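Computed from a predicted model, the values in this text were never measured in an experiment. The basis for the numbers below is simple: all heavy atoms, side chains too, and nothing from hydrogens, waters or symmetry mates.
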Amino acid sequence: MSSPRIAVIGAGVGGLACARGLQVHGHPVTVFEREASAAARWQGGMLDLHAPTGQAALRAVGLSEQFRVVARPEAQELRMLDPVTAAMVHHEQPAEDEYFAPEVDRGQLRELLLDSLTPGTVHWGHSVDGVTAQDDGTARVHFGDGTTEVFDLVVGADGAWSRTRPAVSAATPTYTGNTLVETFLDDVDTRHPALANLIGSGSMVAGAGPSMLGAQRNSGGHVRVYASFEDIPIDWHVTAGIDLADTEAVREHLLARFDGWHDSLLDLIRRSDGGFVNRPIHVLPVGHTWDHVPGVTLLGDAAHLLPPHGIGANLALIDGSDLATAVATHADLDEAARAYENVMLPRSTAAAHADSEVSALMDEDPVHNVSTARQFLNERLLNPGTA
């Protein structure tokens, strides 16, 4: 097709994978991102990129070798500890050549994707208020500064609270009842060697009933710490009379909630270097879909927001590469978007159903069902018709 005007809304890993794939196939694309620059904020913790999905997407857009440079296969290690004794009750140690789901810092992956794009592809500081489908099959993007621009295809890669989604669907995310409270430790190997030994090379989790405490090793001695709670109100901090900006008040509250846990685990909270970030978990309806709207489509969390069980980024990446491939292999842009949705929507529905079953597996036996859950998720993603 002659060069269509394609806009990607959002410079997360899924939107950037789509943009990279389009450029590999010779199609111009513009990415609009509301953040002021690539360094405007910290990009989050580790991602485990699965061979059949996330890694396959990077291979499709020609970035597999670059990914191997920053990936950390040793971080596939998982330790599950008894909350009272801190004794290890389950341990998964990857083999030296194990590359099924190596970890990578989200920021490093995003930087890899950004560096692969033609300079000027990403327009920073461009917030989007909404997208309107036009009668002629194009779509108009409404920017935060009051200006608008028309494109032949607008790709909503703008996350959970997508401003693009209303153009195709009335669905909005709902709170699951589960919340993560996040903090971090820096230079852990030097400043906190006992905690470094406790965590290992990858992730450590301790759980009891509806509460869990986990730590996730990132590169450069940085560790993210997550306190997880089920079935609590979204405004739990208001009920508790806590200002989330008051680091010491949040710390004291969390230590009280984990009273009776082993001191080494409580040190993850006691010794944290930063403040605490409240992250209530939201999801879109299982099987979220929409009738095709010419000129607009979605990928990643904008299309299929799931709990943070390790598949969201993988889906976003393969969504992006699949859409780029569809555009490259179809003579008509609308036909390409339809073909992409015909693959992506069943896959995301399968993922949502599988995730629900994984949650049940983990509730039943979180210690011994970790590997089973990961394998199950990937089988469903590769064979969506079994959902």
Side-chain angles (χ1 to χ4, degrees), residues 6-12 14-15 18 31-34 126-144 146-179 233-235 279-309 311-313 315-316 318-320 322-323 326 333-356 359 381 384 387:
I6 302 176
V8 174
I9 312 301
C18 181
V31 179
F32 295 102
E33 170 55 51
R34 67 179 179 179
H126 280 66
S127 63
V128 170
D129 286 343
V131 175
T132 304
Q134 308 282 93
D135 291 340
D136 63 356
T138 62
R140 183 176 295 276
V141 178
H142 303 264
F143 295 102
T147 62
T148 69
E149 193 168 349
V150 174
F151 294 89
D152 297 302
L153 178 64
V154 174
V155 182
D158 45 349
W161 306 102
S162 170
R163 298 299 181 90
T164 311
R165 188 191 301 121
V168 300
S169 167
T172 57
T174 57
Y175 177 53
T176 63
N178 300 341
T179 288
I234 194 169
D235 61 348
R279 298 194 184 282
I281 306 303
H282 290 77
V283 295
L284 283 169
V286 172
H288 174 236
T289 188
W290 59 87
D291 293 331
H292 175 72
V293 175
V296 188
T297 193
L298 306 174
L299 65 76
D301 286 350
H304 42 69
L305 181 63
L306 296 172
H309 289 161
I311 57 174
L315 285 176
I318 203 163
D319 286 353
D322 279 356
L323 178 53
L333 194 60
D334 190 58
E335 181 184 341
R338 287 179 183 272
Y340 156 72
E341 291 172 355
N342 287 341
V343 172
M344 180 272 292
L345 289 172
R347 180 172 59 215
S348 63
T349 296
H353 283 295
D355 187 80
S356 297
S359 296
L381 292 181

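Taking 4.5 Å as the limit, every side-chain heavy atom of D319 sits out of range of all side-chain heavy atoms of C18. Looking at V155 and L298, their side chains never come closer than 4.5 Å, going by heavy atoms from C-beta outward. Using a 4.5 Å cut-off on side-chain heavy atoms (C-beta onward), L299 and M344 make no contact. Annotation: side chain of T297 is in contact with side chain of W290 (closest heavy-atom distance under 4.5 Å). Side-chain contact between R163 and I9 is absent, with no heavy-atom pair separated by less than 4.5 Å. The closest side-chain heavy-atom distance from T132 to T148 is not below 4.5 Å.
The 12-atom threshold is not exceeded at CG of D135, counting heavy atoms of other residues, nucleotides or ligands nearer than 6.0 Å. Counting heavy atoms of neighbouring residues, nucleotides and ligands inside a 6.0 Å radius, atom CG of D136 exceeds 12 of them.
Here the OG1-CD distance, from T138 to E149, works out to 11.5 Å after rounding to the nearest 0.5 Å. The line from CG of N178 to CD1 of I234 is 11.5 Å long, rounded to the nearest 0.5 Å. Put simply, CG on L284 and CG on L306 are 8.5 Å apart, with the number rounded to the nearest 0.5 Å. With rounding to the nearest 0.5 angstrom, the CG atom of D355 is 5.0 Å from the CD1 atom of I311. The structure places NE2 of H282 at 8.5 Å from OG1 of T179, a figure rounded to the nearest 0.5 Å. In this structure, NE2 in H288 is found 9.5 Å from OG1 in T172, a value given to the nearest 0.5 Å.
The minimum heavy-atom distance between G15 and A157, with the atom names listed, is CA-CB, 3.7 Å. For A139 against G295, the heavy-atom pair with the smallest separation is CB-O, 3.4 Å. The minimum heavy-atom distance linking H304 with S348 is given by the pair CD2-CB, 3.3 Å. The shortest heavy-atom contact between P294 and D334 is CA-OD1, 3.4 Å. Across L333 and L153, no two heavy atoms sit closer than the pair CD2-CB, 3.6 Å. The two residues A133 and V296 make their nearest non-hydrogen contact at CB-CG2, 4.5 Å.
Salt-bridge formation is not detected for the pair R34/D158: no Lys NZ or Arg NE/NH1/NH2 atom is positioned less than 4.0 Å from an Asp or Glu carboxylate oxygen.
The aromatic rings of H126 and F32 sit tilted relative to each other, their planes meeting at an angle between 30° and 60°.
Proximity of a side-chain donor or acceptor of T176 to a complementary backbone N or O of I281 within less than 3.5 Å is detected.
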